[in-house]
Amino acid sequence: QVQLVESGGGSVQAGGSLRLSCAASGYTFNNYCMVGWFRQAPGKERGWVATIYTGGGSTNYADSAKGRFTISQDNAKNTLYLQMNTLKPEDTAMYYCAAGTRVYRYGGSFCQYNYWGQGTQVTVSS
């Protein structure tokens, strides 16, 4: 059974840093086509933050995360990280890690997020 467990959230002041972790079990990260982080603030839809494509290790970031957040993974520990620096009050949200597998459909394939953790709360005060 695939399980993703986030940790590392907390309360910090603006300008501070946090490192989120996501421990995976039941499946190694290399078996996913991509792993990433999402967040959801109260009253808002869940939004994408960052992704690692496990095949080549390339990364992508939402504009709000570029230059401040760094996504990384430790394959030996089967753990995904999100280093968040220079945090702002608008970063306050529940942060979720997610893992994607390849879906084969209509003669082709694509990578789709289909496993989610329970989330860890990040609160940034001004």
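- Two residues are said to be in side-chain contact when any heavy atoms from C-beta on lie closer than 4.5 Å; Thr120 and Tyr96 fail this criterion.
- In this structure the side chain of Tyr61 reaches within 4.5 angstrom of the side chain of Thr70, judged on heavy atoms.
- Using a 4.5 Å heavy-atom threshold, the side chains of Met84 and Leu20 count as touching.
- Using a 4.5 Å cut-off on side-chain heavy atoms (C-beta onward), Gln73 and Val35 make contact.
- Residues Asn78 and Tyr27 are not in side-chain contact: their nearest non-hydrogen atoms beyond the backbone lie 4.5 Å or more apart.
- Two residues are said to be in side-chain contact when any heavy atoms from C-beta on lie closer than 4.5 Å; Asp74 and Tyr81 meet this criterion.
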For this session: Carefully, step by step, assess Val122 and Thr92 under the rule side chain to side chain contact (heavy atoms under 4.5 Å, CB included).
Result: CA-CA 5 Å; Val122 171; Thr92 295; 5.9 Å; no

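- Smallest separation of non-hydrogen atoms from Ala24 and Leu4: CB-CD2, 3.7 Å.
- Using modelled atom types and a 3.5 Å distance limit, the side chains of Thr51 and Asn60 yield no donor-acceptor pair.
- Counting heavy atoms from C-beta outward, Thr59 and Tyr53 have side chains that stay 4.5 Å or more apart.
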For this session: With side chain to side chain contact (heavy atoms under 4.5 Å, CB included) as the test, would you mind laying out the steps for Tyr32 and Asn114 before giving the verdict?
Result: CA-CA 10 Å; Tyr32 300 116; Asn114 48 21; 5.9 Å; no

For this session: Output, in order, the C-alpha distance, side-chain angles, deciding distance and verdict of ring pair (Phe, Tyr, Trp, His ring centres under 6.0 Å) for Phe38 and Trp116.
Result: CA-CA 10 Å; Phe38 290 73; Trp116 298 86; 4.8 Å; yes

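- Under 4.0 Å is where a charged nitrogen must lie from a carboxylate oxygen, and between Lys88 and Asp91 no such pair does.
- Here the closest non-hydrogen pair linking Arg68 and Thr86 is NH1-O, 2.9 Å.
- Between the side chains of Arg102 and Ser109, at least one donor-acceptor pair of N or O atoms lies under 3.5 Å.
- In summary, of the residues considered (Gln40, Gln121, Arg39), a side-chain hydrogen bond (donor to acceptor under 3.5 Å, both in side chains) with Tyr95 occurs for Arg39 alone.
- Summarising the geometry of Ser126 relative to Pro89, their closest heavy-atom pair is CB-CG, 3.9 Å, with the distance given to 0.1 Å.
- When every heavy atom of Leu80 is checked against every heavy atom of Cys97, the shortest pair comes out as CD2-CB, 4.2 Å.
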